[in-house]
*Asks:* 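Sharing a structure below in structure tokens format, with a few things to ask.
Naming: A, B, ... by sequence-line order, numbering from 1 per chain. Computed from a predicted model, the values in this text were never measured in an experiment.
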There are 2 protein chains.
Amino acid sequence: MRRDVFQAIADPTRREILGMIAREKLNLNSVAENFPVSRPAISRHIKILTECGLVTIKQLGRERFCEANLESLNQVSEWIDQYRIF
Amino acid sequence: MRRDVFQAIADPTRREILGMIAREKLNLNSVAENFPVSRPAISRHIKILTECGLVTIKQLGRERFCEANLESLNQVSEWIDQYRIF
DNA sequence: TATATTTGTAACCGATCGGTTAAATAACGA
DNA sequence: TCGTTATTTAACCGATCGGTTACAAATATA
């Protein structure tokens, strides 16, 4: 299920998650600790972020470390840049 | 009702509308002609775009011309730019 | 082996989304 | 004035969203 980057970053929680793991790789529990929502909710957010390539997962034992992969944001900035001519 | 730019551009139809009126001001009917959805649907899309500042309306008689106001996109590009350091 | 830890999945819920059709409002043209 | 044109609003609909709790699965640890 190929996801849309525009839709992925529309949610403020997902943008926060991206900002958080852009600084350092974190496993899912560590990410979830920082939000007032449940772990399954964070799990689904991260799933959406991986489905559009913004996050990649490195499994280490039972832990899954989330890494930001921000090249996909170019899809957005390129779309914006086409209007920068004006 | 202050709208979120990220959420406004998440919808592909709204992005198309923006691209269309970035080239030239168009009244609502002219915009709607270019899409396979009804006029009321386009009307609501444009309302959302105005609510976050991406579109401004100039009323001329009974027609309302839609003008793209793309400075609000800076909110998005600035958010992306903070990661360009990496 | 038994238990604790990390995570994903399923089932559900209320709110929002994007669409529709029908009716209301307002301005133009004959 | 009356009909046409441009647009918004209201009421509705099914799908999706973001959240929850409960449970399953897999790995680490005592």
*Asks:* Under the salt bridge (charged side-chain N to carboxylate O under 4.0 Å, His left out) rule, collect the residues that match up with B:Lys58, sequence neighbours excluded.
*Replies:* B:Glu67
*Asks:* Considering all heavy atoms of both residues, which atom of A:Cys66 and which atom of A:Val55 are nearest to each other, and what is their separation?
*Replies:* CB-CG1, 4.1 Å
*Asks:* To the nearest Å, how far apart are B:Leu26 CG and D:dA6 P?
*Replies:* 14 Å
*Asks:* Tell me the interatomic distance from A:Glu51, atom CD, to C:dT9, atom P, rounded to whole angstroms.
*Replies:* 10 Å
*Asks:* Verify the contact: side-chain N or O of A:Asn27 to OP1 or OP2 of C:dT6, cut-off strictly under 4.0 Å; return yes or no.
*Replies:* no
*Asks:* Strictly under 4.0 angstrom, non-hydrogen atoms only: write out the protein contact profile of nucleotides 19-30 of chain D, one letter per nucleotide from the 5' end, B, S or -.
*Replies:* SBBB----BS--
*Asks:* Check the phosphate of D:dT9 against B:Lys47, side-chain N and O only, distance under 4.0 Å to OP1 or OP2. Yes or no?
*Replies:* yes
*Asks:* Do any side-chain nitrogens or oxygens of A:Asn29 fall under 4.0 Å of OP1 or OP2 in C:dT7?
*Replies:* yes
*Asks:* Expressed in angstrom and rounded to an integer, what is the separation of B:Leu49 atom CG from D:dT8 atom P?
*Replies:* 12 Å
*Asks:* How close or far is atom P of D:dT8 from atom CD1 of B:Ile57, stated in whole angstroms?
*Replies:* 7 Å
*Asks:* Let me see the working for A:Leu49 and A:Ile17 under side-chain contact (heavy atoms from CB on, under 4.5 Å), right down to the final yes or no.
*Replies:* CA-CA 9 Å; A:Leu49 290 169; A:Ile17 291 175; 3.9 Å; yes
*Asks:* State which residues pass side-chain contact (heavy atoms from CB on, under 4.5 Å) with A:Asn29; sequence neighbours excluded, sorted by chain then number.
*Replies:* A:Asn27, A:Arg39
*Asks:* Think B:Ser43 has a side-chain N or O under 4.0 angstrom from the OP1 or OP2 of D:dT7?
*Replies:* no
*Asks:* Nearest-Å distance, CZ (B:Phe65) to C1' (D:dT7)?
*Replies:* 13 Å
*Asks:* Output the rounded distance in Å from CZ (B:Arg15) to C1' (C:dG18).
*Replies:* 15 Å
*Asks:* Roughly how many Å is it from CD in B:Glu33 to P in D:dT5, rounded to a whole number?
*Replies:* 13 Å
*Asks:* Which residues pass the salt bridge (charged side-chain N to carboxylate O under 4.0 Å, His left out) test with A:Arg15, sequence neighbours left out?
*Replies:* B:Asp4
*Asks:* Which residues satisfy the salt bridge (charged side-chain N to carboxylate O under 4.0 Å, His left out) test with B:Arg62, sequence neighbours excluded?
*Replies:* none
*Asks:* Is the shortest side-chain N/O distance from B:Gln7 to OP1 or OP2 of C:dT16 below 4.0 Å?
*Replies:* no
*Asks:* Quick check on DNA chain D: between A:Arg14 and B:Glu63, whose nearest nucleotide comes earlier from the 5' end?
*Replies:* B:Glu63
*Asks:* My understanding is that only residues two or more places apart in sequence, or in another chain, count here; which of them pass ring pair (Phe, Tyr, Trp, His ring centres under 6.0 Å) with B:Phe6?
*Replies:* B:Trp79
